[in-house]
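Notes to accompany the following structure.
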Amino acid sequence: MTETVETQCCIVGGGPAGIMAGYLFARAGVKTMVLEKHGDFLRDFRGDTVHPSTIEVMRELGLAERFLELPHQCYDKLSGDFGGKNVRIADFSALPVKYKFIAFMPQWHFLDFLSEEAKKLPAFSLYMNCEGKDLIEEGGRVVGVKALKDGKEIHIRAALTIGADGRHSIIRTASGFAVKNIGAPIDVLWFRISRDQAPHEDVLLHAGTDHFIVTIDRETYWQCAYVIAKNSVEKVRNEGLDALKASIGKTAPSLMPHLDDLGSWNDVKLLTVAVDRLEKWSRPGLLFIGDSAHAMSPIGGVGINLAIQDAVAAANLLSGKLAQGKLSDTDLDQVRQRRLFPTRMTQFVQIQTQNLILAPIIQGRNRKVRPPFFLRIVSHVPFLQRRLARLFGLGVRPEHVRSPNRNAYPDQGTGAAPT
């Protein structure tokens, strides 16, 4: 017999959007269940950039100081290397927030920390090894999720179901919602290279003749992204692993001493980049947020932060009404109305960055590696560096925590945005 569980809010997906939404809804007194298909959060989450907008949310929740005790690296400025020429791209040091930097933190640390905080709330529960597989529908509305927990089918019935299961969302497919493909001319190869403990340049981006390399400091190793033209991975593989390593060493010489870390193609993972979004985010009983609603390019590392902003907006708009049993079907679309414009604007900026800065290089149109004209201007104009930092660091229409706090800890804030 299939087990049935009742809750007020069922969130499918234990990524940044799902765990943050679960925390905020439970904090508001909503009985909330988050489903995560894996048994832990130890995934190779690639970029893991935590922007000032997300740290500000953690500050408003009273969690920032403990959160920043986790292993991370801070960058208050971002630079790129174009043929040996250092170009300053963004300066976060003047942002109007307390924490004026980007934190590079493995995402499993972020999710472990926030889920442990959420478990302190009596209204929160987290089902690991539990994958949402289909929707339960009655009378034209979604009333829950069919899931597999430890290989056994379970039905979770809920007044509100939130799809936060990523860019390949099973719940989104089950909903039948149409996805608008925006397009991305790039793919990314990810790999790790050991890091020497000697001081190093504060450079994130390295430009080659037909590729970019992003190097993220993980203290004992570099998490590297080798950005190539769309659908060119077979060409790279056919040229051989030694050719790839030679290209990496030429573009980012600091990696050269440890390139033997790449012993086979098994050490190189492909991320197929997609930029897309839903124009419709909800139907009766169902809402999508995060990558399920909009897949972002890795440009700017904004994906996790847009997902967090969606979760905050959803909790601000819906959690109080849901806790009181007063949530209506028309309320759900308020989240799309609030978050669609920032999504469109961010994707527009990403596409322009792809077309104006990345494409000329990864398509091999520049024989000589040099900074694109736009970045040459930015590097000489501090005002533009601060504007880019604000755009990527805080985003368009940043959210503040305004959802109710019915489970305050002694050291927590009230959840109201600072005046």
Side-chain angles (χ1 to χ4, degrees), residues 11 13-28 30 32 34 41 45 47-76 92-93 95-121 123-124 126 164 216 289-291 300-317 319 339 342 389-390 392-419:
I11 300 172
I19 294 296
M20 178 59 79
Y23 177 89
L24 291 171
F25 274 80
R27 177 177 175 273
V30 177
T32 304
V34 177
F41 296 119
F45 281 104
D48 313 338
T49 51
V50 181
H51 284 202
S53 62
T54 295
I55 304 175
E56 183 70 2
V57 167
M58 300 298 278
R59 186 189 70 81
E60 292 171 359
L61 292 170
L63 302 175
E65 289 188 5
R66 281 183 289 138
F67 172 67
L68 290 173
E69 292 174 359
L70 300 173
H72 69 279
Q73 286 72 47
C74 297
Y75 285 72
D76 63 358
F92 299 90
S93 62
L95 290 179
V97 291
K98 181 176 180 180
Y99 301 101
K100 307 173 191 294
F101 54 80
I102 284 180
F104 286 94
M105 176 185 294
Q107 201 172 107
W108 57 84
H109 288 325
F110 177 87
L111 296 176
D112 279 336
F113 174 83
L114 193 55
S115 62
E116 289 303 313
E117 291 299 319
K119 289 175 185 176
K120 299 176 184 178
L121 306 174
F124 179 87
L126 175 61
I216 299 172
I289 61 174
D291 281 2
V302 297
I304 174 179
N305 305 282
L306 265 289
I308 295 294
Q309 297 286 299
D310 286 356
V312 173
N316 287 347
L317 294 166
S319 63
R339 296 303 306 161
R390 185 161 188 144
F392 285 106
L394 298 182
V396 179
R397 191 183 286 165
E399 304 290 344
H400 296 282
V401 178
R402 304 188 189 281
S403 51
N405 182 4
R406 296 191 171 93
N407 294 276
Y409 309 144
D411 60 340
Q412 272 192 319
T414 63
T419 57

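All values below were derived from every heavy atom in this structure, side-chain atoms included, with hydrogens, water molecules and symmetry-related copies excluded.
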Between the CZ atom in Phe92 and the CG atom in Leu394, the distance rounded to the nearest 0.5 Å is 9.0 Å

Going by heavy atoms in the side chains, are Met58 and Leu63 under 4.5 Å from each other? yes

Pro342: partners by side-chain contact (heavy atoms from CB on, under 4.5 Å), with sequence neighbours left out: Arg339, Val396, Arg397

Tightest non-hydrogen contact, residues Pro71 and Pro106, listed as O-CD, 4.0 Å

Over all heavy atoms of both residues, which pair between Val50 and Ile304 is shortest? Give the atoms and the distance, please. CG2-CD1, 4.5 Å

Residues which pass side-chain contact (heavy atoms from CB on, under 4.5 Å) with Leu68, listed by chain and number, not counting sequence neighbours: Ile55, His72, Tyr99, Phe101

Is the backbone N or O of Gln309 less than 3.5 Å from a side-chain atom of Glu399, with the two atoms forming a donor-acceptor pair by type? no

Give the C-alpha distance, both sets of side-chain angles, the deciding distance and a yes or no for side-chain contact (heavy atoms from CB on, under 4.5 Å) between Thr49 and Phe392. CA-CA 11 Å; Thr49 51; Phe392 285 106; over 6 Å; no

Distance (rounded to the nearest 0.5 Å) between Ile289 CD1 and Ile308 CD1: 9.0 Å

Counting distance only, does the side-chain N/O of Asn316 pair as donor-acceptor with the main-chain N or O of His400 below 3.5 Å? yes

Beyond-backbone contact of Pro52 with Ile102, side-chain heavy atoms, under 4.5 angstrom: yes

Applying ring-ring contact (aromatic ring centres under 6.0 Å, His included) to Phe113 and not counting sequence neighbours gives Phe67

Between Val97 and Glu56, the two heavy atoms sitting closest are CB-OE1, 3.8 Å

Taken to the nearest 0.5 Å, the spacing of Met105 CE from Leu111 CG works out to 10.5 Å

Set of side-chain contact (heavy atoms from CB on, under 4.5 Å) partners for Asp291, sequence neighbours left out: Arg167

Working to the nearest 0.5 angstrom, can you tell me the gap between Arg402 CZ and Leu24 CG? 13.5 Å

Restricting to non-hydrogen atoms, name the atom on Val34 and the atom on Gly14 that form the minimum distance, rounded to 0.1 Å. CG1-CA, 4.0 Å

Using the side-chain contact (heavy atoms from CB on, under 4.5 Å) rule, take Leu61 and Glu117 through it: C-alpha gap first, then chi angles, then the decisive distance, then the call. CA-CA 11 Å; Leu61 292 170; Glu117 291 299 319; over 6 Å; no

Enumerate donor-acceptor pairs with a distance under 3.5 Å from any side-chain N or O in residues 15-22 to protein atoms, sequence neighbours excluded.
none

Between Glu69 and Arg66, does the salt bridge (charged side-chain N to carboxylate O under 4.0 Å, His left out) criterion hold? Intermediate values first, please. CA-CA 5 Å; Glu69 292 174 359; Arg66 281 183 289 138; over 6 Å; no

What are the two closest non-hydrogen atoms of His51 and Asn305, and how far apart are they? N-OD1, 2.8 Å

Closest non-hydrogen contact found for Phe25 with Ala314 is CZ-O, 3.7 Å

Among residues at least two apart in sequence or on other chains, which ones pass side chain to side chain donor-acceptor pair (under 3.5 Å) with Thr32? none

